[in-house]
Amino acid sequence: INILTDEYNRHKKEELSLEKREARYKSLGDVATTLSTTLSIDEVEKHILNHALRIVGKAEAILLFLVDTDRQELKLVASKISRDFDHVKAKKGDLLDEWVFRERQCLLVDDIKKDFRFSEDKMKGYPRSFRSLASAPLVEAKKVLGILRLEHSRPYNYTSEDLRFLDVLCDLGAASLVNAKLYQETLDLAITDGLTGLKLRRYFLDRLNEELSRSLREGLNCSFLMIDIDNFKDYNDRYGHTAGDMVLKALADVLRKKAPSLASIGRYGGEEFCICLPDTSKEKAKRIAGDIKRSISEEVIELRRVNTQITVSMGLATFPDDAKVADELIQSSDQRLYKAKRAGKNRVIWK
């Protein structure tokens with residue numbers, strides 16, 4: 001009787017294991033469908049975390065690192081931590097993540113306290129305690145894009161099968177991340193001026209309308225600057241159109257450097273540029289405009305081995321004092337811009 005009972009229990013266990021495996025494979029099919037139709041990088045990151053928790057599970061902490069290509073380091077971009085687990089303090093990968101990144105392989109740690117590859121001394125810099133870990137790289141075209149890592153305070157929490165499913169999920173996630181990034185790059189090209197790298201007029205106007213709506217809701221000022229290069233035609237006539245392009249790029253660089261971090265900068269058309277200054281009163285905008293105008297006039301531009309300098313005229317209008325909607329704000333600043341031109345150029349007019 002005991003033998004029959006043991007045999008029954010064994011078959012039952014195998015049956016449950018098979019059902020669980022089949023459910024996981026079905027879930028992977030759902031993941032592939034979801035990720036293939038997701039074109040937002042943020043949404044892809046969320047899906048990767050949520051699906052890992054649903055398919056693999058058994059995690060008190062799950063962390064997604066992506067490679068910062070500029071700094072060539074792993075950066076934490078998304079995480080979920082259970083209530084009983086320590087908060088994530090580290091924003092970069094640790095020794096184990098570096099191992100996965102370097103080896104381009106999955107990593108299964110049964111018990112971190114007994115794993116000779118990662119001694120306790122080496123792990124002191126990692127601020128949270130865990131015993132077991134399953135980690136897999138997100139690889140596309142032999143390039144590591146990031147790492148997905150699951151942790152638990154209980155040793156021997158993950159199996160090699162868990163790791164296989166995590167690996168497949170990361171493959172799907174990597175392909176989806178690449179697609180989302182390509183889509184974002186395509187969108188950026190559609191809204192960005194190829195010469196100056198600034199946003200094009202249509203996109204900028206959308207942002208201006210959004211900012212004015214926010215300013216209205218929150219009772220804030222929003223200032224708008226229209227900028228035009230003085231005597232721009234003379235540079236084209238004297239040095240050629242290539243020189244004119246150099247002037248436009250030089251001006252765009254100054255605007256990026258001198259405009260506040262929250263400002264939106266756009267190329268309005270031709271030699272006209274514009275800046276939206278959220279939560280900025282007219283007095284503050286006047287100081288910003290003066291600083292920008294001064295910096296532009298001090299910028300030395302070499303055209304055909306000749307050092308030259310440019311000046312700009314600027315028109316300033318502020319919401320809601322000068323206008324209540326975007327079109328009126330633009331019209332008011334444009335009128336003041338031409339008033340600055342008529343008054344002798346190289347100046348800011350705000351009334």
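Note: hydrogens, waters and symmetry copies are ignored here, and every other heavy atom, side chains too, is used.
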Can you see which heavy atom on Leu248 is nearest to which on Glu271, and at what distance? CD2-CA, 3.9 Å
To check you understand the geometry: which heavy-atom pair defines the closest contact between Ala326 and Leu208, and what is its length? CB-CD2, 4.1 Å
Count the heavy atoms belonging to other residues, nucleotides or ligands that lie under 6.0 Å from CG of Leu182, then report whether that count exceeds 12. yes
Compare all side-chain heavy atoms of Phe130 with those of Glu60 and state whether any distance is below 4.5 angstrom. no
How long is the span from the SG atom in Cys276 to the CG atom in Leu329, to the nearest 0.5 Å? 8.0 Å
Flag yes if more than 12 heavy atoms outside Arg202 fall under 6.0 Å of its CZ atom; otherwise flag no. no
Could you grab the distance from atom CG of Leu277 to atom CD1 of Ile288, nearest 0.5 Å is fine? 5.0 Å
Of all the heavy-atom pairs spanning Lys114 and Tyr156, show the shortest one and how long it is. CD-OH, 4.5 Å
How far apart are the closest heavy atoms of Lys341 and Ser313, and which atoms are they? CD-OG, 3.7 Å
Could you tell me how the ring of Phe224 sits relative to the ring of Phe204: parallel (under 30°), tilted (30 to 60°) or perpendicular (over 60°)? tilted
Can you see which heavy atom on Val312 is nearest to which on Ile229, and at what distance? CG1-CA, 4.1 Å
Using a 6.0 Å cut-off, check whether atom NZ of Lys181 has over 12 heavy atoms from anything other than its own residue. yes
Closest non-hydrogen contact found for Phe319 with Ser215 is CE2-CB, 3.8 Å
Residue pair Ser176 / Asn179, side-chain donor-acceptor N/O under 3.5 Å: no
Any chance you could lay out the salt bridge (charged side-chain N to carboxylate O under 4.0 Å, His left out) test for Arg214 and Glu218, step after step, and finish with the verdict? CA-CA 6 Å; Arg214 187 180 74 87; Glu218 300 178 14; 3.2 Å; yes
Tell me whether Tyr183 at atom OH has more than 12 heavy atoms from other residues, nucleotides or ligands lying less than 6.0 Å away. no
Parallel, tilted or perpendicular, as decided by the 30° and 60° cut-offs, for the rings of His47 and His51: parallel
Please determine, by modelled atom types, if Asn221 and Thr318 share a side-chain donor-acceptor pair under 3.5 angstrom. no
